[in-house]
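Okay, so here's the structure we're looking at.
Each chain gets a letter, A, B and so on, in the order its sequence line appears, and its residues count up from 1. All heavy atoms count here, side chains included; hydrogens, waters and symmetry mates do not.
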Amino acid sequence: MTNSATNLRLKLPIACIILEVIIIILFGTLVQYDDETDAKLWHKEIANGSSNYDNDFYYRYPSFQDVHVMIFIGFGFLMTFLQRYGFSSVGFNFLIAAFALQWATLMQGFVHGMHGGKIHVGIESMINADFCTGSVLISFGAVLGKTSPVQLLVMSVIEVTLFAVNEFIVLSVLGAKDAGGSMTIHTFGAYFGLMVARVLYRPNLDKSKHKNCSVYHSDLFAMIGTIYLWMFWPSFNSAVTAHGDDQHRTAMNTYYSLAACTLATYGLSAVVAHDGKLDMVHIQNAALAGGVAVGTAGEMMLTPFGSMIVGFLAGTVSVLGFKFLSPILEQKLKIQDTCGVHNLHGMPGVLGAIVGAVTAALATKDVYGDGLLPLLRNRQTPSKCGVRQAISLAVTLGIALLGGLITGFILKLPIYGAPPDTICFEDGIYWELPGEEGSQEELTAVRTPDETEKLNA
Amino acid sequence: MTNSATNLRLKLPIACIILEVIIIILFGTLVQYDDETDAKLWHKEIANGSSNYDNDFYYRYPSFQDVHVMIFIGFGFLMTFLQRYGFSSVGFNFLIAAFALQWATLMQGFVHGMHGGKIHVGIESMINADFCTGSVLISFGAVLGKTSPVQLLVMSVIEVTLFAVNEFIVLSVLGAKDAGGSMTIHTFGAYFGLMVARVLYRPNLDKSKHKNCSVYHSDLFAMIGTIYLWMFWPSFNSAVTAHGDDQHRTAMNTYYSLAACTLATYGLSAVVAHDGKLDMVHIQNAALAGGVAVGTAGEMMLTPFGSMIVGFLAGTVSVLGFKFLSPILEQKLKIQDTCGVHNLHGMPGVLGAIVGAVTAALATKDVYGDGLLPLLRNRQTPSKCGVRQAISLAVTLGIALLGGLITGFILKLPIYGAPPDTICFEDGIYWELPGEEGSQEELTAVRTPDETEKLNA
Amino acid sequence: MTNSATNLRLKLPIACIILEVIIIILFGTLVQYDDETDAKLWHKEIANGSSNYDNDFYYRYPSFQDVHVMIFIGFGFLMTFLQRYGFSSVGFNFLIAAFALQWATLMQGFVHGMHGGKIHVGIESMINADFCTGSVLISFGAVLGKTSPVQLLVMSVIEVTLFAVNEFIVLSVLGAKDAGGSMTIHTFGAYFGLMVARVLYRPNLDKSKHKNCSVYHSDLFAMIGTIYLWMFWPSFNSAVTAHGDDQHRTAMNTYYSLAACTLATYGLSAVVAHDGKLDMVHIQNAALAGGVAVGTAGEMMLTPFGSMIVGFLAGTVSVLGFKFLSPILEQKLKIQDTCGVHNLHGMPGVLGAIVGAVTAALATKDVYGDGLLPLLRNRQTPSKCGVRQAISLAVTLGIALLGGLITGFILKLPIYGAPPDTICFEDGIYWELPGEEGSQEELTAVRTPDETEKLNA
């Protein structure tokens, strides 16, 4: 499994160290503590009558940590379902997330966080950086098993940058709402990744087919990822919404959407899977679609009832996508979507964007009371808000697809140490592997007469 | 492993979809945001001088998420100890928990949460729904490996309903305290489940005996569940106690009870287990009994000292139960309690109820100061409170046993696709399984001369 | 694998029960609720105008739970990398942590928490007890696989005591800052453990060499530990810092330090590991060094820029330590450091102490504003503070090394049931093991003609 083309000895250190040095220099010149993390500025606020308990840390940090778990454990372990790609799934997830959150702080800062020439950082920028990272990890899911860590780092550099641009257009220029990122995170990450996968299409990937599946224990590891994503999705969608009822309501809407989605997923899986049995692929993925689909409308007065309908639809669409659409995507459109991100993030993301547009268009003073104005930025009418939400979806799709196209061609250059078609989905190409399991059994037969004799002597 | 009787193609979708549709309709007609999640109502409070930071979201949500982790990761992985039942343990846990939390919102709302004909929902109803779900999952532990997902859903429908009724009687009618649910959650769930297991007794279960045990890795997965339950139990017991000292004290009492319980468990396990070695079954289960046993008294002035004594006793009782009582339950009473819930939730739950009654009866103004009155609802005397706590235990046991009996007979109907005696404790009957591990070894022997040749070419 | 010398039937119960009884008696005589957990005292504060929302529970408990996860899941699973030592890694971690947190409450209380002859306990004492426990678990990493649980309990008794003494000297006598414990936790725990390992040197340990390595799945379990430690380290370092900007800033500095450290780790690992591949040992450990290295300076105005530089250095030092220093430690200094704690906690801890001293010495009113005075306890000058930080490091190293030396000799007594050289790194010596994996395969071949026949009948 040794090959000079895929040897990382020079490629990966160069990529990691150059990128980190650039980041450190940019942080040194551009990044500053914000009012709530700077000792001097915060103590001025204290002198002006604020309390330490007013620091936003206490109202955002628990959500941040839940999001952090989703990014590193959730995404990381969800992708360990492949039988011999667990090290890479968790390990490359770890690497590109650690990179992307730093790069995102800079890119999001450049585009919409500059204060007097400086990027201000605090708990909200940390959450937003993690969100942007989530988008990259979604794209990672589409190309899982077929890319080198250097390719993934290059992809992250470009994707984070475009993410920040798109986020700026959607949230700041168009004034749309998308707190949980149905559009900016899920739709963007999915279609970007699918387009990259399309450009990197491998006609001979079936040579690695026997490794592109799970084994019993790898599916259990993947369930750790699934369950953490599922549990903490209410925190994800509510992490940067307005304080008070908005945050509270968003978490609750997401909770109900996911619960309804899970029942739809189990029901549909038994219908479409082989022989009336449940399929782990559906459970691991489709049960999460309910969180994606209320990422835009979750902060609105969607009601638990509305959330459940959306979640139920999302689960249904997602299972049907895995069963019927994924094979078509692969055979007709030549998109080899390893984790099925189109079913978990793509279609549910678009559904979420549409639900968001409709819900915004239907907002009334009667339902929202004084909560209506903050929802309608710039004093637009609800119907105009709905239109802007819809335009945002179109913009997101456009930037994602075009960006993915360009990125795909850049990643196609034969300089990053990508694996050959015969050794995809295989850790051994990039990781020193421990002794084979076979030899373990030998080891575990510990009660050799020799040893026992010594012991009882 | 294919059999029309256990085929889920029709049964499971019908159950899931009918139940979810009923839930959605009921939510649509009955459920409303409460004052803290409704945009209009909350902004009215803001207009009246409240701050967004006063929203209860910030004082309950972190506890909620810890409870959520216990329900989905804790219970789910604790039950993966069986060698070939990991998919079902985590997967059915996921399904019935996602169902039960919705159903519980309705049932608990009907019984004690109606406001002007509507059920109000917010963070507290979410925690209570998760609590009720915990009770169902305890019962699941008693019948683990011997029931179909359809049976489990039917059991959940009934158990959640009776849970809400019992909770109403104990907390509202009798005015008892039980914030951490020693009675309402643990005692109820355990004895309900044991009675169901009794009615579903399988005389020929030894035909599946060789699968009713763990392997090395499955025990490690189970430890994930154990440790999460152990760590977050302080959040569980304190999640719905009164704000301030109550919540703080409850978390701390639970922390100390669990620590003492763990030392008792290790000590006792080495005494009773084979050959002076530790038994994973004890560690995975009995070390948690300390959390159960302070579920009622934890919010009182039990003191760390008292908590440790209770925890120590609970661990001792639990290990001895696993060693000596479980075999008797199975052979004499014909209760096949797969996870030993009688030892983890049953006896420690009863112990917790008794400790709660005694602690309430001994409460004095001298110790509690102004904190006494909130403890003694309806201005009862402490001794009357103690009596009401004791009555609550009796009521809980009665409803649990009777409810379990009826439910058992309903679940015995041969229409739910229950597994035959020969294929219990086996995922393959309900799940599409990935390739056998044997074939994996073949795959991992990746360095075939052929491949190496190609690579080095 | 049975041997009277390592049989735990008497040894472990005696140790557990005697220790727990002593603890309970001491708690009964010495420990009291503090102002925020005592019903009477807190209700007095309420009567004086406090709000229940001011209870420190709400501003410390989420951090506490993150720390708790690091102690029990993080440390526990990090050490499961050994192929046949998973039960002991998680299980002994569980046991000694549950003991140490109780003992630490007492020892820390004796040394610096007495109020009128009583030890007051609340959320801050709980965090501090968990911190002290972390130190013991670091030492556990150095002797992993070569010690009996009784030895570990005895080590905990002594180490916790000395930890409290050292902490008192560093924080109270010298007035140094060390919120995240670069010195008091990491440096102390590492050098204490290394010295114990030195004294317990086993010249014939290579007889167990074949078990002192990982297998594929055990490395994945270990990654659970790594990722949890990595994610929650910002909570660890900020858990007991001052409220407001300090806590917020500490969390953010740690976040950036860890991210930069991770890129350094991946880059360096590919440079030094065999054949240009990544080495799991580096990823699992060195990526965490960034958290250790900002444990002292994290609460200061280190800036994200400074944090990243520190993190980058820490990751570099750590990987190089694993590659080049660990073999020397073993061969020349006869220190068999199973988990490489010198590379993860030792050197990065010392680095963190130095960074802390420098940062303190450079503090100015211009940068800190009114936040300077709280930093400089006792109105010292910044340069004097720097000197006191440096002295603290020296004191910590001295107490750790001397304490470890004495402890090592105490643990060398042949009465604790330590494993023989031939059966180190092996669960079977202390745990009842489930059936071998080999027999599992037999079981999973479930589709025997016999069974299928019965099913289809």
Side-chain angles (χ1 to χ4, degrees), chain A residues 2 7-9 12-13 16-17 19-20 24 27-28 31 33 36-40 42-44 47 52-53 55 57-58 61-62 65 68-69 72-73 76 80 86-87 90-91 94-95 98-99 101-102 121-123 126 217 221 430-432 434-435 437 440-441 443-444 446-447 451 454-456, chain C residues 1 3 59 62 66 83-84 210-211 213-217 219-220 223 227 230-232 235 243-245 247-249 251-252 255-256 259-260 262-264 266-268 270-271 273-280 283 301 304-305 308-309 312 367-371 420 422-423 426 428 436-438:
Chain A
T2 300
N7 189 308
L8 298 176
R9 176 150 292 154
L12 186 62
C16 285
I17 292 169
L19 287 173
E20 190 58 45
I24 290 179
F27 263 75
V31 173
Y33 290 124
E36 310 212 326
T37 43
D38 185 273
K40 194 177 180 178
W42 181 253
H43 279 84
K44 264 190 203 159
N52 275 322
Y53 294 159
N55 196 296
F57 179 77
Y58 303 106
Y61 187 73
Q65 274 297 3
H68 219 40
V69 172
F72 287 88
I73 287 283
T80 57
F87 288 15
V90 178
F94 189 17
L95 170 64
F99 164 72
L101 66 85
Q102 299 176 75
V121 291
I123 187 67
M126 288 162 71
H217 280 117
F221 278 113
Y430 299 123
W431 295 84
E432 280 195 51
E437 313 261 337
Q440 181 198 7
E441 269 167 48
L443 296 173
T444 56
V446 267
R447 292 191 202 83
E451 283 184 346
K454 274 182 206 160
L455 274 170
N456 295 333
Chain C
M1 228 178 313
N3 188 349
Y59 306 93
D66 291 352
Q83 55 182 287
R84 290 291 283 188
H210 54 301
K211 288 173 208 152
C213 53
S214 64
V215 290
Y216 193 73
H217 279 117
D219 268 326
L220 274 178
M223 280 302 282
I227 301 284
W230 195 92
M231 293 186 303
F232 288 166
S235 304
H243 286 310
D245 63 305
Q247 211 167 353
H248 198 159
R249 184 171 58 244
M252 194 165 67
Y255 171 80
Y256 286 123
T262 304
L263 266 88
Y266 276 82
L268 267 285
V271 171
H274 175 72
D275 215 10
K277 294 181 180 179
L278 293 162
D279 187 336
M280 261 292 169
I283 307 308
M301 290 288 286
F305 169 69
M308 285 166 159
I309 292 175
F312 194 87
V367 168
Y368 288 79
D370 291 346
T422 45
I423 325 186
E426 169 58 49
E436 299 294 319
E437 313 262 337

Checklist line | Best-contacting candidate, A/H68, A/K44, A/H43, against chain C by heavy atom pairs under 4.5 angstrom | finding: A/H43
Notebook entry, point to check: Is it the side chain or the backbone of A/N55 that comes within 4.5 Å of chain C heavy atoms, both, or neither?
Noted result: side chain
Item checked: From CZ (C/R84) to SG (C/C213), nearest 0.5 Å -> 12.5 Å
Next item on the list: Specify whether C/Y59 and A/Y58 have parallel, tilted or perpendicular ring planes, treating 30° as the upper limit for parallel and 60° as the lower limit for perpendicular.
Entry: perpendicular
Note to self: Does the plane of the ring in A/F57 sit parallel, tilted or perpendicular to the ring in C/H248? Use 30° and 60° as the thresholds.
What the structure shows: tilted
Check: Would you say the side-chain atoms of C/T262 pair up with the backbone N or O of A/F94, donor to acceptor, closer than 3.5 Å?
Finding: no
Next item on the list: For the pair A/R9 (side chain) and C/V271 (backbone), establish whether a donor and an acceptor sit closer than 3.5 Å, ignoring hydrogens and angles.
Entry: yes
Check: Contact part of A/Y53 toward chain C, heavy-atom cut-off under 4.5 Å: side chain, backbone, both or neither?
Finding: both
Notebook entry, point to check: Looking at C/Q247, C/M231, C/M223, which one has more heavy-atom pairs under 4.5 Å with chain A than the rest?
Noted result: C/M231
Item checked: Contacting moiety of A/V69, where chain C heavy atoms sit under 4.5 Å -> both
Check: Counting heavy-atom pairs under 4.5 Å to chain C, which of A/L12, A/L95, A/L19 comes out on top?
Finding: A/L95
Note to self: So for A/Y61, is it side chain, backbone, both, or neither that comes closer than 4.5 Å to the heavy atoms of chain C?
What the structure shows: side chain
Next item on the list: With a 4.5 Å cut-off on heavy-atom pairs, point out which of A/I17, A/I123, A/T80 contacts chain C the most.
Entry: A/I123
Next item on the list: State which residues pass side-chain contact (heavy atoms from CB on, under 4.5 Å) with C/A264; sequence neighbours excluded, sorted by chain then number.
Entry: C/F312, C/T316
Check: Does C/Y266 use its side chain to pair, donor to acceptor, with the backbone of A/P13 at less than 3.5 Å?
Finding: no
Note to self: I'd like to verify something: which residue of A/G122, A/P62, A/A39 has the highest number of heavy-atom pairs under 4.5 Å with chain C?
What the structure shows: A/A39
